[in-house]
Amino acid sequence: MRFDDLATALGATISDPGRIELLEAEGVPALADWLAGQTSVGASIVFDDPRPRRGTAQAFAIAGADGRVVAGMGETAADALRREVEGRGLQLVAHEAKPILVARFAAEPDAAATKVEFDTQIAAYILNAALRSQSIADVVAERLDLVLPPPKELEPVHRAGLEALSALAVRDPLARALQEEGLERLFREIELPLIPVLARMESTGIAVDLDALAVLDREFGAEISRLEDEIYGAVGHQFTIGSPKQLGDILFEELRLPKGRRTKTGYSTDAAVLEELVGVHPVIQPVLDWRIYTKLRSTYVETLPSLIAEDGRLHTTFHQAVASTGRLSSSDPNLQNIPIRTPLGRRIRSTFVAGSPETVLVAADYSQIELRIIAHVSGDEHLKEAFAKQADIHRETAARVLHKPPGEITADERSMAKMVNFGLAYGMSDFGLSSRAGISRQEAQEFINSYFAAYSGISYYMLHIKETARRQGHVTTLLGRKRSIPELHAANAALRGAGERMAINMPIQGTAADIQKIAMIRVADRLAADGFGARLLLSVHDELLLEVPREEVDRLIPVLRETMEGALPLDVPLTVDVKAGTDWESMTPVSRRDAILAEADEAPVDALAG
DNA sequence: ACGATCACGCACGTC
DNA sequence: GACGTACGTGATCGTA
């Protein structure tokens, strides 16, 4: 059975999944002649649970250039077929290759990564990052005009077989599209090499202190009970505190408190609204506190222990084809939103620990990377100068905007400048700044006006990027990553405004993501090339977290710093702040320079004092 | 009529 | 601006 092309073979297999050859482990050696004739194969693995180090493989399938598809059924056969492919040094073409690599690392922690020749999910993402999901069915429909059956309706072997063949069949159309759009290098030099790095990180996982979490669970539980009594006492009866509907009715009807914003469905009861009512009624503060404790308990304290794998570690899944700006995301659990802002939240962070007494955690984060990118892409001389002389950037901003010497800037003035600097990358509106800074929209607008007058290069850039985005229909990062923004032509003014903010934000956030990805690839390379035992654990947008044998720390830190700082030369220096510690909360700077960076780079405070 | 499941809105954790 | 998660709610589905 031979086909003119892979699309025809796929069509035939959709009509008759029975043409997928099912294999037991003993049948694998018989594939020798066929496999010897292949250099790369379409591949797909299907798990009963997709989370790394949790599920087991139910099926692994490969497809050849001749349209032949074979599938190993059950864990033993799936593993045997996967090992055969790996052992022969065949390259993978897959729609999401990462889980195949994770399966290998789980079985052989020190194995080299199987070469990924093409990942159709990531190609589809690079071509259109605006889509939230990049399913193989969508790609097959778009590129081949064929309809894949819903995965849930298929036996695991048939699903794996169809996916393996689909990946191979859409490879060439996607490769041509990447070429036409000028996205080949981004794909080949950044996204593909990142896959094994992420696979290794997922497979490694991070250690958490279960006993410490159990202590927090008891403490938080006691505090929540106490707050519930206080809330019911203040209102006079019980209700479901976690229901925004019930809470809104009680606050604004029953207790006749002054109404704040409205939502689509009723009264808003978010923290900003409740903060306004704190002195007005005794129920407000305990409700705010209850929200904080229950949020932390249900999202982290109770959930994290249930996600710990058999090796005693937490294995997140990184998503490389989700965020529209090019960032990574993380789920099950999301380890990119572990609390850090408040003392209570930091107690959760402190339960993330080095995995053994012989190791420590090392965190390296880019200092002010987005503002530095703004300085680079806008070419603003004043901002570039401030970074060149390594000034306190927020103080410098306040001084320039308010026409005062840096020495005369008050804490509030610096804090305001800090919020504007953070908001800048978001395409900040007067509305956004006023709600964050706790000032009126007019005051916010005045500060923004003064800001853009003081930094005319940035002002010009913001206008320019919006105009370019409208004209081209898309924006790009420094490395050519694209995001189309159809909202810019919306009739609705609010939607158009949102589109403009996306147009401003994506090149900045996306370029930071490009830089972080290059850094990850190069750091991983150096760890291997220089024989470090250190392992990458997490990427949190502008931070890398590693687990490092104590005796390697001094040798590793300059390597880490230089690799990250040199990832992409800009018109301003990139600087990296390195800290080390036995847990993720009490990390201490490794040099005096790191101490200064760490202090200057804290996230902005919620509200201005006074 | 009832429980399970889903989609949705809201709220909030991070960068 | 970009994400992911938990919860409550109301609609829908399936079973009895």
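Checked by atom type and distance alone, the side chain of A:S350 pairs as donor or acceptor with a backbone atom of A:R347 at under 3.5 Å. At distances below 3.5 Å, at least one donor-acceptor pair connects side-chain atoms of A:S378 with backbone N or O atoms of A:I374. Judged by distance alone, with hydrogens and angles left aside, the side-chain atoms of A:T240 form no donor-acceptor pair with the main-chain N or O of A:S243 at under 3.5 Å. Side chain of A:K98 to backbone of A:F318: a donor-acceptor contact under 3.5 angstrom is found. Checked by atom type and distance alone, the side chain of A:Q336 pairs as donor or acceptor with a backbone atom of A:S539 at under 3.5 Å. Not one N or O on the side chain of A:R481 forms a donor-acceptor pair closer than 3.5 Å with the backbone of A:T476.
For A:R218, the CZ atom counts as loosely surrounded, since its 6.0 Å shell holds 12 or fewer non-hydrogen atoms of other residues, nucleotides or ligands. Applying the 6.0 Å contact sphere to CZ of A:F239 captures more than 12 heavy atoms from other residues, nucleotides or ligands. Taking a 6.0 Å sphere around CD of A:E276, one finds it holds 12 or fewer heavy atoms contributed by other residues, nucleotides or ligands.
Interatomic distance, A:R535 CZ to A:L546 CG, rounded to the nearest 0.5 Å: 10.5 Å.
Residue A:R341 contributes atom CZ, which lies 10 Å from atom P of B:dC12 at whole-angstrom precision. Taking atom CZ on A:R481 and atom C1' on C:dA2, their separation rounds to 13 Å, with Å as the unit. In this structure, A:L544 atom CG and B:dT14 atom C1' are separated by 16 Å, rounded to whole Å. Rounded to an integer number of Å, the gap from A:R349 CZ to B:dG13 P is 13 Å. Across the protein-nucleic acid pair, A:I485 atom CD1 and C:dA2 atom C1' stand 13 Å apart, rounded to whole Å. Between the P atom of C:dA6 and the CD1 atom of A:I224 lies a distance of 15 Å, rounded to the nearest Å. Here the C1' atom of nucleotide B:dG9 and the OH atom of A:Y267 are 18 Å apart, to the nearest Å. Counting to the nearest Å, the P atom of B:dG13 and the CZ atom of A:R346 are 13 Å from each other.
Within residues 273-307 of chain A, the residues approached by DNA chain C to less than 4.0 Å at the level of any non-hydrogen atom are A:K295, A:S298, A:T299, A:T303, in residue-number order. Taking every heavy atom of residues 322-332 of chain A and every atom of DNA chain C, pairs under 4.0 Å involve A:V322, A:A323, A:S324, A:T325, A:R327, A:S329, A:S330, A:S331, A:D332, by number. At a non-hydrogen distance threshold of 4.0 Å, nothing from residues 493-511 of chain A comes into contact with DNA chain B. Taking every heavy atom of residues 242-250 of chain A and every atom of DNA chain C, pairs under 4.0 Å involve A:G242, A:S243, A:K245, A:Q246, by number.
For A:D392 and A:R414, the salt-bridge test passes: some basic side-chain N is under 4.0 Å from an acidic carboxylate O.
Between A:R132 and C:dG4 there is a side-chain N or O to OP1 or OP2 distance below 4.0 Å.
Of the candidates A:E223, A:E228, A:Q285, A:E228 is the only one forming a side chain to side chain donor-acceptor pair (under 3.5 Å) with A:W290.
Comparing C:dG4, B:dA11, B:dT14 by their nearest atom to the side chain of A:T263 picks out B:dA11.
The aromatic ring centres of A:Y451 and A:Y455 sit less than 6.0 Å apart.
Checked by distance alone, A:N334 brings no side-chain donor or acceptor within 3.5 Å of a matching partner on the base of C:dG4.
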CA sep, side-chain torsions, deciding dist, call: A:E565, A:R372, salt bridge (charged side-chain N to carboxylate O under 4.0 Å, His left out) | CA-CA 12 Å; A:E565 291 182 349; A:R372 288 170 199 264; over 6 Å; no
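In DNA chain B, runs of at least 3 consecutive Watson-Crick or G-U pairs, each pair with both distances below 3.5 Å, span B:1-9 with C:7-15, B:11-15 with C:1-5.
A cation-pi arrangement is present between A:R262 and A:Y267 under the rule of less than 6.0 angstrom and at most 45 degrees off the ring axis.
Within 4.0 Å (heavy atoms only), A:A271 reaches sugar-phosphate atoms of the nucleic acid but no base atom.
Between A:H464 and A:Y460, the angle of the ring planes stays under 30°, which puts this pair in the parallel group of the 30/60° scheme.
Contacts of A:R313 classified as salt bridge (charged side-chain N to carboxylate O under 4.0 Å, His left out), with partners at least two apart in sequence or in another chain: A:E547.
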